[in-house]
Asks: 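One structure, pasted below without further comment.
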Amino acid sequence: MAEITLRPYRRADREAAVTLIQATNIAENAFTGDRREERAGASEHWDVLLPRLAESGGEVLLAVLEGHAQEGAVVGLIAWAPATDDLFVVEELRRYGIVEELVVDPAWRRRGIATLLLEEVEARARQAGLPRLLIGVVAGNQPAEAAYARFGFRPHVAIMAKPLNQP
């Protein structure tokens, strides 16, 4: 029986992390039509995300297989950071945690890995004294919306897009 352990991201995990981000881009592109599906798109995103997380005090946690034929394989990741909202938000809610990325290897979905990752980030956000945690979801991705709702997330802000000058 495979066990999942969580650990911090290390530089040696880059290829596994980029593979997971690429899988997310491919899946989200089915909803948006605007995601870069090639590996370079995921790689470039990862190389920008890591310094941004470091600057804000964020981190990346990995879900890793233990006690399995694929011992040590990275099957999920979550990237999160503390953030500060605009001044129009009441002061006691202005600081919050934001989940920047959450992805589970498609072969390992529906096994509680995303919940495990979210529970760990929630605990860390609470420990940091943050009053709320936010996560984005692509419109139309009903499986993700349902999973996040089960975890306790509720709609907060909707961003709408209008295509301009496109055929």
Asks: To the nearest 0.5 Å, tell me how far Glu15 CD sits from Gln22 CD.
Replies: 10.5 Å
Asks: Taking the side chain as every heavy atom from C-beta outward, state whether Asp13 and Leu62 have any atom pair closer than 4.5 Å.
Replies: yes
Asks: Are Val74 and Ile4 joined in one hydrophobic group, where the rule is that I, L, V, M, F, W and Y side chains link up if heavy atoms are under 4.5 Å apart?
Replies: no
Asks: If you round to the nearest 0.5 Å, how far is OH of Tyr9 from CZ of Arg14?
Replies: 6.5 Å
Asks: Step through the shown structure and confirm whether more than 12 heavy atoms of other residues, nucleotides or ligands are within 6.0 Å of CD on Glu92.
Replies: yes
Asks: Name all pairs fulfilling the salt bridge (charged side-chain N to carboxylate O under 4.0 Å, His left out) condition that reach into residues 115-142, sequence neighbours left out, sorted by first residue then second.
Replies: Glu59-Arg124, Asp85-Arg132, Glu120-Arg124, Glu122-Arg126
Asks: Same cluster or not: Val18 versus Leu77, using hydrophobic residues (I, L, V, M, F, W, Y) connected whenever any side-chain heavy atoms lie under 4.5 Å apart?
Replies: yes
Asks: Minimum heavy-atom separation for Gly76 to Leu117, with atom names?
Replies: C-CD1, 4.1 Å
Asks: Taking all heavy atoms of Trp46 and all of Ala17, pick out the closest pair and write down the distance.
Replies: CZ2-CB, 3.5 Å
Asks: Using the rule that Ile, Leu, Val, Met, Phe, Trp and Tyr join whenever any side-chain heavy atoms are under 4.5 Å apart, tell me whether Leu20 and Leu49 fall into a single cluster.
Replies: yes
Asks: Would you call Arg94-Asp86 a salt bridge at under 4.0 Å N-O?
Replies: no
Asks: Identify the heavy atoms of Ala63 and Ile113 that sit nearest to each other, and give their distance.
Replies: CB-CG2, 3.6 Å
Asks: Going by distance alone, is a donor N or O of one side chain under 3.5 Å from an acceptor N or O of the other, for Thr84 and Arg95?
Replies: yes
Asks: Would you kindly confirm whether Leu116 and Val103 end up in one hydrophobic cluster when ILVMFWY residues are joined by side chain heavy atoms under 4.5 Å apart?
Replies: no
Asks: Indicate the atoms forming the closest heavy-atom contact of Ala79 with Leu53, along with that distance.
Replies: CB-CD1, 3.7 Å
Asks: Does a salt bridge link Arg111 with Asp105, judged by any charged N lying under 4.0 Å from a carboxylate O?
Replies: no
Asks: Do Val121 and Val137 sit in one hydrophobic cluster, given that two such residues count as connected whenever their side-chain heavy atoms are within less than 4.5 Å of each other, even indirectly?
Replies: yes
Asks: Decide yes or no for Val64 and Val75: does some side-chain heavy atom of the first lie under 4.5 Å from some side-chain heavy atom of the second?
Replies: no
Asks: Under a 4.5 Å cut-off applied to non-hydrogen side-chain atoms, are Arg36 and Glu44 in contact?
Replies: yes
Asks: For Arg39, is there any backbone N or O sitting under 3.5 Å from a side-chain donor or acceptor partner on Ser43?
Replies: no
Asks: In the structure I gave you, are the side-chain heavy atoms of Phe153 and Leu134 within less than 4.5 Å of one another anywhere?
Replies: no
Asks: Where do Ile98 and Ala83 come nearest, in terms of heavy atoms and distance?
Replies: CG2-CB, 4.1 Å
Asks: Can any side-chain N or O of Asn29 pair as donor or acceptor with the backbone N or O of Arg35 at less than 3.5 Å?
Replies: yes
Asks: Would you say Arg7's side chain and Leu61's backbone share a donor-acceptor pair under 3.5 angstrom?
Replies: no
Asks: For the ring pair Trp80 and Tyr96, is the centre-to-centre distance below 6.0 Å?
Replies: no
Asks: Can you list, by chain and residue number, the hydrophobic cluster partners of Leu93 when the side-chain cut-off is 4.5 Å?
Replies: Phe88, Val89, Val90
Asks: Distance from Leu118 atom CG to Leu133 atom CG, nearest 0.5 Å?
Replies: 7.0 Å
Asks: Looking at every heavy atom in both Phe151 and Thr115, which two are closest together, and how far apart are they?
Replies: CE1-O, 4.0 Å
Asks: Nearest 0.5 Å, what's the CD-CD1 distance between Glu28 and Ile21?
Replies: 9.0 Å
Asks: When rounded to the nearest 0.5 angstrom, what distance separates NE2 in His156 from CD1 in Ile135?
Replies: 13.5 Å
Asks: If you define the side chain from C-beta out and look only at heavy atoms, does anything of Glu101 sit under 4.5 Å from Ile78?
Replies: no
